[in-house]
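All ligand and atom numbering here is 1-based and tracks the order in the structure.
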Amino acid sequence: MHSTATPTHCPYCALQCGMNLAEGGPHGVEVVERPGFPVNRGALCGKGRTAPAVLSSRVRLTEPLVRSPATGRLTPAPWEEALDLVGDALSRARAEHGADACGVFGGGGLTNEKAYALGKFARVALGTSQIDYNGRFCMSSAAAAGQRAFGLDRGLPFPLADIPRTGCVILVGSNLAETMPPALRYLTELRENGGTLIVVDPRRTRTAEQADLHLAPRPGTDLALALGLLHLVVADGRTDERYIEERTSGWEEARAAAMAHWPEHVERITGVSVPELREAAGMFCDADAAMVLTARGPEQQAKGTDTVGAWINLCLATGRAGRPLSGYGCLTGQGNGQGGREHGQKADQLPGYRKLTDPAARAHVAAVWGVDPGSLPGPGRSAYELLDALGGDVRTLLLMGSNPVVSAPRAGHVEERLRSLDFLAVADVVLSETARLADVVLPVTQWAEETGTVTNLEGRVLLRRRAVSAPPGVRSDLDVLHGLAARLGHGKGFPTDPEEVFEELRRASAGGPADYSGISYGRLREDDGAGLFWPCPAEGAGAGGAVEDGGRREGAGAGGAVGDGGRREGAAEGAPRGTPRLFLDRFATEDGRARFVPVVHRAAAEEPDAEYPVLLTTGRVLAQYQSGAQTRRVDELNSAAPGPFVELHPRLAARLGVGEDDPVAVVSRRGRAVAPARVTSAIRADTVFMPFHWPGEGRANTLTHPALDPVSRMPEFKVCAVRLEPVEEVRPVERS
Ligand SMILES: Nc1nc2c(c(=O)[nH]1)N[C@H]1C(S)=C(S)[C@@H](COP(=O)(O)OP(=O)(O)OC[C@H]3O[C@@H](n4cnc5c(=O)[nH]c(N)nc54)[C@H](O)[C@@H]3O)O[C@H]1N2
Ligand SMILES: Nc1nc2c(c(=O)[nH]1)N[C@H]1C(S)=C(S)[C@@H](COP(=O)(O)OP(=O)(O)OC[C@H]3O[C@@H](n4cnc5c(=O)[nH]c(N)nc54)[C@H](O)[C@@H]3O)O[C@H]1N2
Ligand code: SF4
Ligand SMILES: [Mo]
């Protein structure tokens, strides 16, 4: 290893692959393998490998920008002037229209420290209820379903290293091979060990190609599919009655709901045949242990919470939750997708995954913050509802860590709402499409230029270390919040040192469901930086409820741990390492039982009809990340994935008369997008797929439907009705 290499983690997805950064290369640092880190054991995808390119001053912001009243253009300005403008705009909105006229929008890529500080900034410095973040668009349905069933939401209640040792995995709507490539190895090892893999995806993806059985339902019908499987399990007498009796509640109602979903009926809804359903149910029940893992496919639906609930019901009915090597898990997406949803940037939340409506939680956090509990606002609007309210009740917005012009549903409308604000301030690393609309753009440090903690999809809290100096002229998000809070009369309470923020976060989270009080920067540096799993209460802290489970020390989990998880745990013998595995004795509900929820299938918010006869679903490709703000600035990634496309079946292409690479217009009730055709029999003939990484004419979110899940407020990114048109010479104007 390079003598000056710093062990740290990737800036992108929730796997948070370990890497070393060594001095050298055109960007000051280069990525060197870090084989000792258990999650990825040295493997990285192309995004991680090329991440230093985004550090380059060539592509990123290096000075604040202020919109000039004279020219209407963004022009460089000194930091103090830029912060004064934002501070004044927030004060003015508050004075003229009340605190809720100030909006805050955060991101699941922000470190725990930033997410915590942003939530505190909204509630204490601004006193606004109007804060939410892009994680609402990500895993919120799985989080809501997990809370409902288990009383606690931690994406994976077990380490990834358990996957190869279970017997069967049903992977629902995850294209892991492209979205978390190093994690594919866990599925490969599962099959090498004799386990079986079932993939549920309307497309035969690179991930589906690895499966023993690939089910390709119509988009938006996973709920029916899961109920159909449960029906078969019951009909074949393969439920685990003893487990249901001892560890769950609500079975009768859930069972009755499932029994109404006959396999033949489910076949008609989903397009998955009865023999395929039988085969899947058999594979799942035949295994000694089994898991269901979901990702955005079933979750990003206006019925995402119930859909995940149906898959959880299947796990509970067969005794596959809260037992060694069995369980339900959600593959969380963003770099800090897990931690970012725990510490208060969510509309209804206080740090430690506490509820903003819970008087005890308010009292605890208010005491840490040194404010009166009564001064804390109540829950605000969810992400899309907040964006939709811009220019109405919400007059001024501070946005940190998201690019909704590209990534929000019905993006044409969202863009129009952003333009209608009195004032928009954006803190970003690059001049994103959203930053381009701002009145003030604040250039911030990123990833390798700053230290902070992130919590990966396993609930593993990690220290991401600074490895390189930021360009002069750039400040951290914590500096920005400190500067703004001072201008709003809160000179104290917003430290700029991440470790100091973390120390406060520890106290604020103590005793909450996501308890970090036993975690410190010092401990995170130990043991090769393999991290600590929350809940991780401070030594000697009296634990109750969910935390009691957390108080269980490792080793209390599945016996005979093998693989990297086992190695690390073994190495820490005697030392508390947090809680790698949850729910083994009891669930985090009041009575310790998991709750069945009686869910029934329902149609998508927008079903195809004569005018819009085709289903559109959306998602990702390997070489681009999210709105593309970062990865579209990396040459190597752009060559691999240069632009948007419309994936469609040869039959559909023939009917339209379009061939490979011909431009196709995709039209929905929200607008029109144009991109080249990619013709493939790997997709259902009634469905087209577009990746959402690009702005402009090929923007997938021009088309998507903003119908929201009633519980999680997740938009229906994965299903809407469209029609396709070959592109004429003169294109009609985009409608929003
Ligand atoms: N390369 C890359 N990697 C990423 C990201 C990225 O942008 N690019 N983003 C990160 C983030 S934040 C996230 S959330 C994760 C997302 O990771 P994934 O969930 O794996 O990503 P998606 O491509 O959105 O969706 C997965 C699959 O769902 C399928 N699908 C579509 N509709 C349906 C449906 O109705 N039912 C079912 N069962 N499946 C359906 C799609 O065909 C797609 O293959 O990836 C993370 N990793
Ligand atoms: N159609 C469709 N739309 C989708 C999805 C889909 O599957 N289909 N998926 C949804 C999902 S799962 C997600 S997670 C969202 C994500 O969509 P976005 O919220 O747009 O996510 P990013 O593109 O990662 O935007 C992050 C922004 O923050 C900046 N940034 C990075 N690090 C920092 C930092 O430390 N501080 C600050 N201040 N800024 C930083 C980046 O440069 C970038 O501009 O998209 C959603 N949109
Ligand atoms: S899989 Fe995710 S964390 Fe790992 S290198 Fe790729 S983007 Fe980074
Ligand atoms: Mo996400």
Asks: Between ligand 2 and Ala427, is the shortest N or O to N or O distance under 3.5 Å?
Replies: yes

Asks: Short list, please: which atoms of ligand 2 are under 4.0 Å from a heavy atom of Ser432?
Replies: 44 (O)

Asks: Between Glu433 and Ser627, is the side chain to side chain donor-acceptor pair (under 3.5 Å) condition met? List the steps.
Replies: CA-CA 9 Å; Glu433 287 70 22; Ser627 74; 5.2 Å; no

Asks: Below 4.0 angstrom from a heavy atom of Val444, which ligand 2 atoms are there? Numbered from 1 as shown, please.
Replies: 36 (N), 37 (C), 38 (N)

Asks: Whether Glu450 and Lys114 form a salt bridge (side-chain N of Lys/Arg under 4.0 Å from carboxylate O of Asp/Glu) is what I want to check.
Replies: yes

Asks: Inspect the contact between Glu415 and Arg436 and indicate whether a charged nitrogen and a carboxylate oxygen are less than 4.0 angstrom apart.
Replies: no

Asks: Does a side-chain heavy-atom distance below 4.5 Å link Thr307 with Glu299?
Replies: no

Asks: Any carboxylate oxygen within less than 4.0 angstrom of a Lys/Arg side-chain nitrogen, looking at Asp306 and Arg602?
Replies: yes

Asks: Can a non-hydrogen atom of Met690 be found less than 4.0 Å from any atom of ligand 2?
Replies: no

Asks: Enter the distance from Arg49:CZ to Glu636:CD here, rounded to the nearest 0.5 Å.
Replies: 5.0 Å

Asks: Is any side-chain heavy atom of Val666 closer than 4.5 Å to one of Arg672?
Replies: no

Asks: List, ordered by chain and residue number, the protein residues whose closest non-hydrogen atom lies under 4.0 Å from any atom of ligand 1.
Replies: Cys13, Lys47, Cys138, Val172, Gly173, Ser174, Asn175, Glu178, Thr179, Val200, Asp201, Pro202, Arg203, Thr205, Pro219, Gly220, Asp222, Ala295, Arg296, Gly297, Gln301, Gly333, Gln334, Thr617, Gly619, Arg620, Val621, Leu622, Gln624, Tyr625, Gln626, His693, Lys718

Asks: Given ring-ring contact (aromatic ring centres under 6.0 Å, His included), test His705 with Phe717 step by step and report yes or no.
Replies: CA-CA 7 Å; His705 198 304; Phe717 284 119; over 10 Å; no

Asks: Looking only at heavy atoms, is any part of Val406 under 4.0 Å from ligand 2, and if so is it the side chain, the backbone, or both, or is it neither?
Replies: neither

Asks: Do the ring planes of Phe137 and Phe105 sit parallel (below 30°), tilted (30 to 60°) or perpendicular (above 60°)?
Replies: tilted

Asks: Any idea which atoms of ligand 2 are less than 4.0 Å away from a heavy-atom of Val430?
Replies: 42 (O)

Asks: Residue-level breakdown please: for Gln446 versus ligand 2, do any non-hydrogen atoms fall below 4.0 Å on the side chain, on the backbone, on both, or on neither?
Replies: neither

Asks: For Asp428, counting its heavy atoms only, list the atoms of ligand 2 lying under 4.0 Å from any of them.
Replies: 27 (C), 28 (O), 29 (C), 30 (N), 39 (N), 41 (C), 42 (O), 43 (C), 44 (O)

Asks: With heavy atoms of Met400 as the reference, note each atom of ligand 2 found under 4.0 Å away.
Replies: 38 (N)

Asks: More than 12 non-hydrogen atoms from neighbouring residues, nucleotides or ligands closer than 6.0 Å to CZ on Arg678, yes or no?
Replies: no

Asks: Would you call Asp153-Arg341 a salt bridge at under 4.0 Å N-O?
Replies: yes

Asks: Using a 4.0 Å heavy-atom threshold (strictly under), name the region of Asn403 that reaches ligand 2: side chain, backbone, both or neither.
Replies: both

Asks: Verify the neighbour count for atom CZ of Arg58: are there more than 12 heavy atoms of other residues, nucleotides or ligands below 6.0 Å?
Replies: no

Asks: With the threshold set at 4.0 Å, does a side-chain nitrogen-carboxylate oxygen contact exist between Arg466 and Glu449?
Replies: no

Asks: Tell me whether Arg620 forms a cation-pi arrangement with Phe692, defined as NZ or CZ under 6.0 Å from the six-membered ring centre and within 45 degrees of its axis.
Replies: no

Asks: Have a look around atom 2 (Fe) of ligand 3 and list protein N/O/S atoms under 2.8 Å, or say none.
Replies: Cys13 SG

Asks: In this structure, which one of Leu44, Asn20, Thr8 forms a side-chain contact (heavy atoms from CB on, under 4.5 Å) with Val31?
Replies: Leu44

Asks: Against heavy atoms of Asp477, which atoms of ligand 2 measure under 4.0 Å?
Replies: 34 (C), 35 (O), 36 (N), 37 (C), 38 (N)

Asks: Number the atoms of ligand 2 from 1 as they appear, then name those within less than 4.0 Å of a heavy atom of Lys114, with their elements.
Replies: 34 (C), 35 (O), 36 (N)

